[in-house]
Student: 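Dropping the structure in here first, questions after.
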Number of protein chains: 4
Amino acid sequence: MKEGDENAEQAGARPKRADARRNEKTLLDAAAALFVTSGVEAPVRDIAAKAGVGTGTIYRHFPTRAELIIAVYRHQVEACAEAGPALLESSPTPHAALGRWINLFVDFLVTKHGLAAVLRSDNAGFDTLHAYFLDRLVPVCGQLLEAAAAAGEIRSDIEAAELMRGVGNLCIGADHDPDYDARRLVGLLIAGLRRLL
Amino acid sequence: MKEGDENAEQAGARPKRADARRNEKTLLDAAAALFVTSGVEAPVRDIAAKAGVGTGTIYRHFPTRAELIIAVYRHQVEACAEAGPALLESSPTPHAALGRWINLFVDFLVTKHGLAAVLRSDNAGFDTLHAYFLDRLVPVCGQLLEAAAAAGEIRSDIEAAELMRGVGNLCIGADHDPDYDARRLVGLLIAGLRRLL
Amino acid sequence: MKEGDENAEQAGARPKRADARRNEKTLLDAAAALFVTSGVEAPVRDIAAKAGVGTGTIYRHFPTRAELIIAVYRHQVEACAEAGPALLESSPTPHAALGRWINLFVDFLVTKHGLAAVLRSDNAGFDTLHAYFLDRLVPVCGQLLEAAAAAGEIRSDIEAAELMRGVGNLCIGADHDPDYDARRLVGLLIAGLRRLL
Amino acid sequence: MKEGDENAEQAGARPKRADARRNEKTLLDAAAALFVTSGVEAPVRDIAAKAGVGTGTIYRHFPTRAELIIAVYRHQVEACAEAGPALLESSPTPHAALGRWINLFVDFLVTKHGLAAVLRSDNAGFDTLHAYFLDRLVPVCGQLLEAAAAAGEIRSDIEAAELMRGVGNLCIGADHDPDYDARRLVGLLIAGLRRLL
DNA sequence: CATGAATGAGCTTTCATTCAT
DNA sequence: CATGAATGAAAGCTCATTCAT
């Protein structure tokens, strides 16, 4: 049955079915919402319920939790990664660029209940997630760090991966405590990088 | 209630009390040992098994996990708290004292598998634990902070509670990753406190 | 519905039918292959995947698993059924013919991972399957049995249906254990039919 | 000496608590009953429900399904095993003893829905079960087989393990079909062992 | 008081089957 | 007709917590 008279999907070899696409969107929205309130380890059943789908649907779209988490946050992570070089150019100094970029990351993380915790998990199931964040963000951070070090603004004995982890850690629990300002503490951390004059 | 137990013991001369006390010691040792290997959220059953007692016994002595954790670490927390004033006197500057004292805290936390994470938990059951740490350590930290601020060494817009939380956060997950040096990052944080010259 | 398909095909000359038939063939091949490796209870999805079709297609062609199994093995079952009379003629004695025919059946069953087990299933869904095997093979077996009984070679108090079930049972699990030789045991069973002299 | 497990319990250091013992009995009864109707792979939840206990109770008493199955059938298996030597002495010939003993086994198995199937399972979880049956029954069968072979009554090329499996297989499904008489078929099998005169 | 048995909610994951596309 | 997305009922297993002994 090759009649191409049906509403042809937008160009592409195997376009996702409309309902599937809709569902995936619904799913991601539901997951994102639940992640905010219950953390990224929210029960699959709850996510499914919130999305109004069966649990199987989640597993079809995202076989592992890591994949779901990545999908939920991909856009924001990508945006963050891409912002790095631009900030380097538009900022007065590399150290300032670093601070701004880190703030972007903090703004992202602060609302991701439990994400930072899961990034520390030694559970094998989260390796993919771990790797994704590392792959995308550490190089960017490294670039900024190197620029600042090259400019003599900061110490050069801190690894990007370590700094990122520190920043990540400082964001843990920042969403459910108005007395805790992760951004301010991260500011301290970044300030601490400065080479002592 | 706090001192009552001791007195009742002397007066009543009930041998059971000695048993109970011995049990409690055994329990704390077992819990401490298991916390090291399995984290502070180790299954109650495992702790009981290690102590050679029934699970009920644990609940009798420590109705909530928070209480057990506090009991296990009380000595070390007290020691840390008490070290504050001494360090203030023996250190060249208040900021140096702060740094040393914070290092003490980091050294404590980093070896307590999962403790830092639990301190961030929004689980109501851990409120007591949270409060205990705050009560004991924040004033000490505040004292050091104030001294450093008074000496003009650091900014004065950082609260002790917030700083403690930041330090605690930086320690999360530091035990199972040799590539992550919480102490170095905390050092950055403390360095970041310095008033820019 | 049973004969309609064939006629409609010849009359209407609808090319779609050719597609469908090809599909059915593909399906049966895939199912047969998967049955060998994963047993006759292999997941529908796996079969569909192997055939390169959707799961719905399988249900369209074979609404129940029993029907699929029957379709997959029909040729071999028919061949087995048809071999009975021939063997009766070509064998030295009816009992020998029976033995040979039974061996044919054993050889068939033993390679059909899980088929023997499913033949014993009390799951209503397999009634059709059960009935099919009975309908096709029991009469043949009965014929051989009667001939042997008439020749005075064997006891006459065993029903063909029962014997077939026994043989079927002996084949269960014969595929995944090299230490178990269903054929030898079946040989014992057939030998046991002999009238004691 | 056996000196009674029951008595040892009263005397021994750690007697099982009365409620636990009662529960275990209830559990075994419930499991046995459910095994009859739903097979030995009946859902843990169903067994628990039938016994009126929580699922956890089952796992406490019998961490693996194999252990539960063994416990349910232990008495009968032991009785069967122990009957072997006695039958050898009390029967007119070793072959007769073998037949009688096999009948005992058949009577046992015929009501154990799904047991035979599970004994064939290649699932690692059932290794223990498999081993238990083999350990207890195959030697007994082997003894009878050897005696009969030594007496020249039967062929000597059949292994006890294989014979037991054959008998086991013949019993599959015998409980839910009044038209299928496993005992008669097994009789055939045993008769087939006879050395042809 | 101590014990540890019992409870049962809660989580993940699989798959037969239906039905929108 | 074919497709494969969605469904949701199972099922196994863990562990905090209660409570009979």
Student: With sequence neighbours left out, write down each residue that passes side-chain contact (heavy atoms from CB on, under 4.5 Å) with D:D127, or none if nothing qualifies.
Tutor: D:A124

Student: Determine, step by step, whether B:Y132 and B:I69 satisfy the side chain to side chain contact (heavy atoms under 4.5 Å, CB included) criterion, reporting the C-alpha distance in whole Å, the side-chain angles of both residues, the deciding distance to 0.1 Å, and the verdict.
Tutor: CA-CA 10 Å; B:Y132 172 69; B:I69 296 177; over 6 Å; no

Student: B:F126 CZ to F:dA16 P: how many Å, rounded?
Tutor: 10 Å

Student: Can you name the nearest heavy-atom pair linking C:E67 to C:T64, along with the distance?
Tutor: OE2-OG1, 2.9 Å

Student: Can you give me the closest heavy-atom contact between A:T26 and A:A51, atom names plus distance?
Tutor: CG2-O, 3.5 Å

Student: Tell me what D:R45 touches on the nucleic acid: a base, only sugar-phosphate, or nothing, going by heavy atoms under 4.0 Å.
Tutor: base

Student: Using a 3.5 Å limit for the pairing distances, which stems of at least 3 consecutive Watson-Crick or G-U wobble pairs does DNA chain F take part in?
Tutor: E:2-21 with F:2-21

Student: What residues from residues 35-44 of chain A pass a heavy-atom cutoff of under 4.0 Å to DNA chain E?
Tutor: A:P43, A:V44

Student: Check step by step if side chain to side chain contact (heavy atoms under 4.5 Å, CB included) holds for D:K50 and D:D29.
Tutor: CA-CA 9 Å; D:K50 181 141 204 158; D:D29 289 348; over 6 Å; no

Student: I need the residues from residues 47-60 of chain C with at least one non-hydrogen atom less than 4.0 Å from DNA chain E; give them sorted by number, or say none.
Tutor: C:T55, C:Y59

Student: Starting at CD of A:E24 and ending at C1' of F:dA5, how long is that distance when rounded to a whole Å?
Tutor: 12 Å

Student: In whole angstroms, how far is the P atom of E:dA16 from the CZ atom of C:F62?
Tutor: 16 Å

Student: Evaluate D:I47 against D:T55 for side chain to side chain contact (heavy atoms under 4.5 Å, CB included), listing each step before the verdict.
Tutor: CA-CA 8 Å; D:I47 302 173; D:T55 56; over 6 Å; no

Student: In whole angstrom, what separates B:L27's CG from E:dC1's P?
Tutor: 15 Å

Student: Just do the side chain to side chain contact (heavy atoms under 4.5 Å, CB included) check on B:K112 and B:F35 with the steps written out, would you?
Tutor: CA-CA 7 Å; B:K112 307 309 175 289; B:F35 284 0; over 6 Å; no

Student: Can you tell me the distance, in whole Å, between the CD1 atom of C:I69 and the C1' atom of E:dA16?
Tutor: 14 Å

Student: Whole-Å distance between F:dC15 P and B:L34 CG?
Tutor: 12 Å

Student: In whole angstrom, give the distance that lies between atom CG of A:N23 and atom P of E:dT21.
Tutor: 11 Å

Student: Given that B:P63 and D:D46 both sit by DNA chain F, which one's nearest nucleotide is further toward the 5' end?
Tutor: D:D46

Student: Calculate the interatomic distance between D:L68 atom CG and F:dG12 atom P; express it in whole Å.
Tutor: 11 Å

Student: So A:Y73 and A:V40, do their side chains get closer than 4.5 Å, heavy atoms only?
Tutor: yes

Student: With sequence neighbours left out, write down each residue that passes side chain to side chain donor-acceptor pair (under 3.5 Å) with C:D46, or none if nothing qualifies.
Tutor: none

Student: Side chains of B:I172 and A:I172, heavy atoms from C-beta outward: is any pair under 4.5 Å?
Tutor: yes

Student: Please confirm whether the shortest side-chain N or O distance from D:H61 to OP1 or OP2 of E:dA6 is below 4.0 Å.
Tutor: yes

Student: For B:H130, give me all partners under ring-ring contact (aromatic ring centres under 6.0 Å, His included), at least two apart in sequence or on another chain.
Tutor: none

